[in-house]
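Per chain, numbering begins at 1; letters A, B, ... match sequence-line order.
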There are 2 protein chains.
Amino acid sequence: MPQNHTDTPGTDDATPALTREALAQAALRVLERDGLAGLSMRKVAAEVGVKAASLYWHVRNKQELLDLLTDAVMGSAEPPPREGDWREQFHAYCWRYRRLLLGTRDAAKVVAGRLAPGPNLLGLMEDQLDRLRAAGFTDADAAMASYLLGAFVQGFVLQEQSPISASEVLGTSRRDIADAAGDLFRALPAETFPNLVDLAGDLTEPNMDARFEFGVQRILDGLAALLPPERR
Amino acid sequence: MPQNHTDTPGTDDATPALTREALAQAALRVLERDGLAGLSMRKVAAEVGVKAASLYWHVRNKQELLDLLTDAVMGSAEPPPREGDWREQFHAYCWRYRRLLLGTRDAAKVVAGRLAPGPNLLGLMEDQLDRLRAAGFTDADAAMASYLLGAFVQGFVLQEQSPISASEVLGTSRRDIADAAGDLFRALPAETFPNLVDLAGDLTEPNMDARFEFGVQRILDGLAALLPPERR
DNA sequence: ACCTGAACACCGTTCAAGT
DNA sequence: ACCTGAACACCGTTCAAGT
């Protein structure tokens with residue numbers, strides 16, 4: 001079996017040394033393959049060709065590995081180009097963050113579990129704050145707006161990705177999910193739920209991009225109101 | 001040991017019959033006591049004086065029990081009074097929902113995991129949509145706004161409750177969390193992170209109520225822009 | 001109709017022991 | 001310095017068997 005026979009790393013890297021970074025990447029691969037529920041220490045260990053107990057040499061516990069994983073996910077984020085007004089850039093930030101979370105399996109759940117500002121997230125925050133201040137927001141408002149963006153996008157994607165359960169209230173039909181959900185709303189007693197019955201179509205509108213855009217626009221309009229009129 | 005010796009429920013309820021509702025309440029008690037990570041089928045079973053395997057008679061699997069639990073959490077929600085303009089009422093809705101999620105241990109995590117519209121949630125949606133339409137929002141906007149409220153509040157509380165990890169980037173100091181976080185931001189290299197250093201105080205402002213209110217106000221302003229001027 | 005015992009295939013974590 | 005085997009105290013779920 002391959003073995004490191006030297007203490008000075010870099011001189012003989014046939015076995016590339018088990019770094020925390022390598023662990024994070026392995027965890028990311030397991031996450032993609034098996035989802036967050038299937039992400040176990042044993043599997044991550046196997047992914048790097050080692051036994052589960054060995055991981056505890058590099059990492060205090062599973063949560064710390066998840067923290068590394070979180071920042072690894074953030075690592076593939078790219079700030080939008082510095083073009084257009086603040087609205088355009090904030091808008092792009094929201095959409096890119098959502099795309100990022102949608103792009104990695106269970107990413108929203110991973111990120112939501114922990115507030116772990118690793119180097120990658122710190123870089124993004126720095127950049128974002130810089131643009132908000134340049135747009136004319138006060139320090140406090142810039143900080144708040146940045147936080148709001150994160151909370152909103154994470155919350156939205158989490159909601160977006162959470163599976164719809166057909167509980168006994170709604171029956172158990174199958175079919176195209178959105179249509180089925182619409183029918184179920186329509187099938188509710190109209191005396192007790194007149195609005196749900198009436199808005200069944202709108203409520204089960206499956207275009208999540210449109211729903212997201214709605215939210216982003218509300219927040220943009222709300223933020224604009226904080227600026228002096230000439231900077232909006 | 002106590003035993004039901006009759007098939008007609010209600011005539012002899014010394015043993016109150018294991019209903020799904022009772023299971024949900026038991027799960028809620030375990031959740032309060034041990035948190036979501038500590039909520040196991042075995043513990044819920046013990047809570048109702050039964051073995052784990054028995055639960056599978058009443059419930060398909062753990063996820064279905066969590067769905068029941070979700071609606072049980074929603075069950076203690078009370079719609080705000082029908083007073084004031086739509087802004088005031090929407091505002092109250094946001095705050096009450098947040099208070100509800102903060103009031104039960106790990107409630108945000110439970111609710112975020114699954115889109116399970118049980119009877120209690122349906123009632124809330126119905127009421128909310130009714131008010132939004134009365135305020136003058138179009139059907140589509142009312143549906144969107146209702147969804148936005150849910151996503152935002154859940155996302156916010158989830159973020160609010162997620163523990164801050166002191167990763168190796170930020171050092172490992174203890175002390176009052178907010179102060180420590182502030183110091184850690186201030187300790188970053190000012191050349192690479194000028195804004196984080198500069199806004200350290202604002203970024204680590206521990207008043208979550210204020211942060212939440214900020215978000216709510218942005219959304220309210222954004223929604224207002226959808227209405228004809230005379231109804232804002 | 002409802003509950004149990006026993007089993008299966010997993011978990012995260014610890015720790016003495018190896019090299 | 002880094003890894004392993006073995007163990008501990010758990011998991012969710014199934015299923016034949018009980019009453």
Using purine N1 to pyrimidine N3 plus N6-O4 or O6-N4 for Watson-Crick, or N1-O2 and O6-N3 for G-U wobble, both under 3.5 Å, which nucleotide pairs with dT14(C)? dA6(D)
Heavy atoms only, 4.0 Å cut-off, all strands: where does Leu55(A) land among base, sugar-phosphate and nothing? nothing
Value in whole Å for how far the P atom of dG12(D) lies from NZ of Lys43(B): 9 Å
Proximity to the side chain of Ser54(A) - top-ranked nucleotide from dT4(D), dC11(C), dT13(C): dT4(D)
What is the distance, to the nearest angstrom, from the CD atom on Glu64(B) to the P atom on dT13(D)? 11 Å
Figure out the CG/P separation between Leu36(B) and dG12(D), and round it to whole Å. 11 Å
Taking the basic N atoms (NZ, or NE/NH1/NH2) and the acidic carboxylate oxygens, is any pair closer than 4.0 Å for Arg29(B) and Glu47(B)? yes
Which of these nucleotides, dA6(D), dG12(C), dG12(D), is closest to any side-chain atom of Lys62(B)? dG12(D)
Does Leu65(B) reach a base, just sugar-phosphate, or nothing at all? Heavy atoms under 4.0 Å. nothing
Atom pair distance, as rounded to whole Å: CE in Met41(B) and P in dT13(D): 6 Å
Check every atom of dT13(D), dG12(C), dT4(D) against the side chain of Lys51(A) and return the nucleotide holding the closest atom. dT4(D)
With side-chain hydrogen bond (donor to acceptor under 3.5 Å, both in side chains) as the test, would you mind laying out the steps for Asp127(B) and Tyr93(B) before giving the verdict? CA-CA 11 Å; Asp127(B) 174 64; Tyr93(B) 247 111; 2.3 Å; yes
Residue mapping more 5' on DNA chain D - nearest nucleotide basis, Arg42(A) or Ala52(A): Ala52(A)
Name the closest nucleotide to the Ala53(A) side chain, picking from dT4(C), dA6(D), dG12(C). dA6(D)
Centre of Phe212(A)'s six-membered ring, under 6.0 Å away, within 45 degrees of the axis: is that where NZ or CZ of Arg98(A) sits? yes
Length of the line joining Arg60(B):CZ and dT14(D):P, which is rounded to integer Å: 11 Å
Would you indicate which nucleotide in dC3(C), dT13(C), dG12(D) comes nearest to any side-chain atom of Ser40(B)? dG12(D)
Distance flag, aromatic centroids of Tyr147(A) and Phe152(A), threshold under 6.0 Å: no
Cation over ring, Arg99(B) on Tyr97(B), under 6.0 Å and within 45°? no
Please state how far atom OH in Tyr56(A) lies from atom P in dA16(C), giving the value in whole angstrom units. 17 Å
Using whole Å, what does the distance between atom P of nucleotide dA1(C) and atom CH2 of Trp57(B) come to? 6 Å
Counting side-chain heavy atoms from C-beta on, which of dT4(C), dC11(C), dT14(C) comes nearest to Val50(B)? dT4(C)
Let me know the distance between NE2 of His58(A) and C1' of dC3(D), rounded to the nearest Å. 8 Å
Would you measure the distance from the C1' atom in dC11(C) across to the matching atom in dA7(D) and give it in whole Å? 14 Å
